[in-house]
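Protein chains get the first letters and strands the later ones, always in sequence-line order, with residue 1 at the start of each.
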Amino acid sequence: MSVRFFDTYTRQLETFTPQDPAAVKLYTCGPTVYNFAHIGNFRAYIFEDLLQRHLEARGYGVLRVMNLTDVDDKTIRGCRQLGVRLAEFTKKFKDAFFDDLATLRIKRAQHFPAATDYVEQMIEMIRVLMDKGVAYQAEDKSLYFRIGKFADYGKLAHLNLEELRPSGRIQSDEYEKESIGDFALWKAWDENDGDVRWDSPWGPGRPGWHIECSAMATALLGPELDIHCGGVDNIFPHHEAEIAQSECVTGRKFVRTWLHCAHLMVEGEKMSKSAGNFYTLRDLIEKGWSGREIRYALLTVNYRLPLNFTFDGLAGARSALGRIDEWVVRLTERSKDASTPVADAVDFSAHTERFFTALDDDLNISGAMGQLFDLIRESNRAMDAGKFNATSAAMLLVQWERINSVLGFERDAVAIPAEVLMLVEQRQAARAAKNWAESDRLRDAIAELGWIVKDTKDGAKLTAR
RNA sequence: GGCGGGAUAGCCAAGUGGGAAGGCCGGGGUCUGCAAAACCUCUACGAGCGGGUUCGACUCCCGCUCCCGCCUCCA
C-alpha cells in the first residue's frame, strides 16, 4: 500500500517516495509572530499535523521543521508601537503560539527555527546569489533576486509571467527594481526600522521574507526536502521565490512534493476583521469550545477543499466526539468484563485498515471518518447483541489507539473531585431506598459542582458539564 | 483578462460508468422512578441548469449559471 499526495507542482496525484523513509524531510511554513494566530492559520497547522501523524502511522520517521518569522514589517511595526525590543515583542507571541499548538494537540516539530537566529545563513545564501549574478543591489541599497535568471520561475503557481495583470498593490515604491517581479532578498535599513538591523556586506538591513525559509530549510534539512507545505496563498510568490533562491544556490531540486491547504471561510464568508468573523484560537476557547472540538472541526474536511467553519459545525464536532467517547468507555468496560462469552470473538481489523487506506489517498479524512463511524456503529451493534467478548473489545481498543494516534481525539483525562464522588455515593444509597426526592436533590447538587450524573444499566456515570 | 478549485439532503461531506459512504440536526424505538445520556433505527426516485456519448451518467464530453481562490511578502 502506498501513500499518494496531490502535488501542487505537477497538479497530479503522485506516489510518495521520500529519499529516506526513516527520516522524511518535512518543512512547514510557520507563523509570523506579531499577533495571536487565528483559526485559519491553525487549519494549515492541523493539516500538517495530520500529514505527519499519518506518515508516522505508516511507518515513516518524520523530521519536521516549522519556522517562526520573527522579523518583518508587522513585527517591527508592533514592537515600535509598544516601544519594546523586537525580541521581547515576538517572545510573547511565540510562547502563545506554542500554547495554542498544545491546546490543539498538534505534535511538536523537531525544530522551530526563528528567522533572527539564521540571519548569518541568509546572508551567506545571498552572497552566493550575488556571486552568480542572479541578485543585484538596487539604488535603494536593497538586494533583489533577478527572476529573469531563473527559467522555472512561475512553474509552481502555473503562472505565465508575461500575462500577469498588474495589481494595485505593487504599483508604487518598487521603481528601483530592474523588473517588476524581482523580489527582495535583503531590505536596506531605514529609520522606520529603528534598532532592528543586521550588518551585511551590502550595508545594514534585514532579510527579506522568502530567504528565511530557504536558509532555514536547507540549514536544517539539507538541499532537498521531501515535502514542503503551506497555505495556498503561499504558493505565489513565497514558495516560488523559495524555489528560485534555493535551487540557484544549491543546484539541486529543492522540493520533491508541494502540498498546499485551502483557506477556511467562517459562516460562509471570508474571514476578516472587518466582517466581524475573525477568530483566534483564544477567542473560541473563551466562548467555551475545547481545543479538541476545534481540532475536530478543522481536521475533518479534506485539506484541499475550502473549509466552512461554523458554530453549527463546532456543535456537531462536540456531539460526534461525545459519541466516540461513549464508545471508548463502553469498549473499555467490556474489555474488563470476564463474564462475556469467549467463543464469539469479532474482528474489526478490516475497518481499521480501510481507515488508513483512505488516508493513504491524499489524506482523505472524510472517507477515513466514515470508516471509523461504521466501525463504531457495527461494534456497538455487536455489543448490544452480546456477541462481543472481552478479548474482542481489548483488540478493538488497540485498533482505536492506532486510529487515534492519527486523529488525536481522545478525551481529556479529568479527575473527579472527592466531593462529587461522595454525593454520588449518597445518591446511590437514596436510589437504593427509592427515595426519589433525595436522589433528585443530590443530582442537582452534583450538577452545581459541574458534573452531570446519568443512571445507566451499569450504574451511575459522571460527565463533566 | 489569465490560471486554478468547486456546486451531492436542513447543515457538513465521501466514493463511484451499473445498488447515492459517514457525521450533525430531526422523527421513531429500546433502556429508565423521573430526567438525561447511550444504543438501535428511519430520513436524497435524486446530484446547480441544458444538451450529448452510452444498454446504462451524480460520475465521461460540450455549453450555461453561480460561488471561491491566486495573479508580487496573507495559513
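- At the heavy-atom level, A/R441 lies nowhere under 4.0 Å from the strands shown.
- Nearest nucleotide to the A/N308 side chain, out of B/G33, B/C12, B/C39: B/C12.
- Contact annotation for A/K270: backbone-only contact, meaning every heavy-atom pair under 4.0 Å involves sugar-phosphate atoms and none involves a base.
- Here the separation of B/G48 from B/U59, taken at their C1' atoms, is 16 Å to the nearest Å.
- Comparing A/F373 and A/H38 along RNA chain B, the residue whose closest nucleotide (by nearest heavy atom) sits nearer the 5' end is A/F373.
- Less than 6.0 angstrom separates the ring centroid of A/F112 from the ring centroid of A/F98.
- Between the CE atom of A/M383 and the P atom of B/C31 there is a distance of 19 Å, given to the nearest Å.
- Cation-pi contact between A/R318 and A/W289: present, with separation from the ring centre below 6.0 Å and deviation from the ring axis of at most 45°.
- Of the two residues contacting RNA chain B, namely A/W436 and A/V301, the nearest-nucleotide position lying further toward the 5' end is that of A/V301.
- Across all strands shown, B/C24 is found opposite B/G10 as a Watson-Crick or G-U wobble partner, with both distances under 3.5 Å.
- Ring-centre distance between A/F42 and A/Y45: below the 6.0 Å cut-off.
- Distance, A/L314 CG to B/C11 P: 18 Å, rounded to whole Å.
- The distance between atom CH2 of A/W209 and atom P of B/A75, rounded to the nearest whole Å, is 6 Å.
- Legend: residues meeting salt bridge (Lys or Arg N to Asp or Glu O under 4.0 Å) with A/D49, ordered by chain and number and at least two apart, are A/R53, A/R295.
- Only the P atoms considered, B/C11 is 15 Å distant from B/C49, to the nearest whole Å.
- The interatomic distance linking A/I235 (CD1) with B/C70 (P) rounds to 10 Å, in whole Å.
- Side chain of A/S319, nearest nucleotide from B/C40, B/C34, B/C25: B/C25.
- Residues A/F409 and A/Y296 bring their aromatic ring centres within 6.0 Å.
- Distance from the side chain of A/K74 is smallest to B/C74 among B/G2, B/A13, B/C74.
- Nearest nucleotide to the side chain of A/R431, out of B/G33, B/C73, B/G4: B/G33.
- Looking at heavy-atom distances under 4.0 Å, A/H238 makes no contact with the nucleic acid at all.
- Whole-Å rounding puts the A/H239 NE2 to B/C70 C1' distance at 14 Å.
- Using a 4.0 Å heavy-atom cutoff across all strands shown, A/L264 reaches at least one base atom of the nucleic acid.
- Comparing B/A38, B/G33, B/C73 by their nearest atom to the side chain of A/E326 picks out B/A38.
- Comparing the C1' positions of B/A47 and B/A57 gives a spacing of 11 Å, expressed to the nearest Å.
- Evaluation of atom-type donor-acceptor distances gives a pair under 3.5 Å for the side chain of A/D440 against the base of B/G33.
- A/T280 and A/D283 form a side-chain donor-acceptor contact under 3.5 Å, judged by distance and modelled atom types alone.
- Looking at A/R323, its side chain has no donor and acceptor atom pair within 3.5 Å of the base of B/A38.
- Note: CD (A/E378) to C1' (B/U41) measures 14 Å, nearest angstrom.
- With B/U41, B/C73, B/A75 as the candidates, the nucleotide lying closest to the side chain of A/R381 is B/U41.
- Inspection of the A/R427 and A/S439 side chains reveals an N or O donor paired with an N or O acceptor under 3.5 Å.
- For B/U32, neither phosphate oxygen OP1 nor OP2 lies less than 4.0 angstrom from any side-chain nitrogen or oxygen of A/K454.
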List the atom pairs, with distances to 0.1 Å, where a side-chain N or O of residues 262-270 of chain A and a protein N or O form a donor-acceptor pair under 3.5 Å, not counting sequence neighbours.
residue, atom, partner, partner atom, Å
A/H263, NE2, A/D233, OD1, 2.8
A/E267, OE2, A/F311, N, 2.9

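- A donor N or O paired with an acceptor N or O is found under 3.5 Å between the base of B/C34 and the side-chain atoms of A/D455.
- A distance-only check finds a donor-acceptor pair linking the side chain of A/S142 to the backbone of A/A188 [under 3.5 Å].
- The side chain of A/L159 lies closest to B/G2 when the candidates are B/G2, B/C73, B/A75.
- B/G69 is paired with B/C3 under the criterion used here, namely a Watson-Crick or G-U wobble arrangement in which both key atom distances are under 3.5 Å.
- Under the side chain to side chain contact (heavy atoms under 4.5 Å, CB included) rule, A/C229 has a single partner from A/W258, A/F47, A/Y27, A/Y303, which is A/F47.
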Expected string for nucleotides 15-21 of chain B under the B/S/- scheme (protein heavy atoms, under 4.0 Å, primed atoms plus P, OP1, OP2 as sugar-phosphate) is S-----B

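- One P atom belongs to B/A44, the other to B/A9, and the distance between them is 12 Å to the nearest Å.
- Among the protein residues, A/G181 comes within range of the nucleic acid bases, having at least one heavy atom under 4.0 Å from a base atom.
- The nucleotide B/C58 finds no pairing partner, because no Watson-Crick or G-U wobble arrangement with both distances shorter than 3.5 Å includes it.
- A donor N or O paired with an acceptor N or O is found under 3.5 Å between the base of B/G33 and the side-chain atoms of A/S439.
- Spacing of P atoms, B/G15 relative to B/U8, comes out at 14 Å, to the nearest Å.
- Between the CG atom of A/L321 and the P atom of B/A38 there is a distance of 12 Å, given to the nearest Å.
- Comparing atom distances between the A/K187 side chain and each of B/A35, B/C73, B/C70 picks out B/C73 as nearest.
- Nucleotide B/C64 has B/G48 as its partner under the Watson-Crick or G-U criteria, with both atom distances under 3.5 Å.
- Listed nucleotides B/A37, B/C39, B/C73 differ in distance to A/R330; the shortest reach to its side chain belongs to B/C39.
- Look at the C1' atom in both B/U16 and B/A21: the space between them is 11 Å, to the nearest Å.
- Spacing between B/G17 and B/U53 at atom C1', rounded to whole Å, works out to 12 Å.
- Using Watson-Crick or G-U wobble geometry with both donor-acceptor distances under 3.5 Å, B/C39 finds its partner in B/G29.
- Across B/U54 and B/G18, the matching C1' atoms stand 12 Å from one another, rounded to whole Å.
- Distance A/D182 CG to B/C73 P: 13 Å, rounded to the nearest Å.
- Taking the six-membered ring for Trp and the full ring otherwise, A/W189 and A/W198 have centroids separated by 6.0 Å or more.
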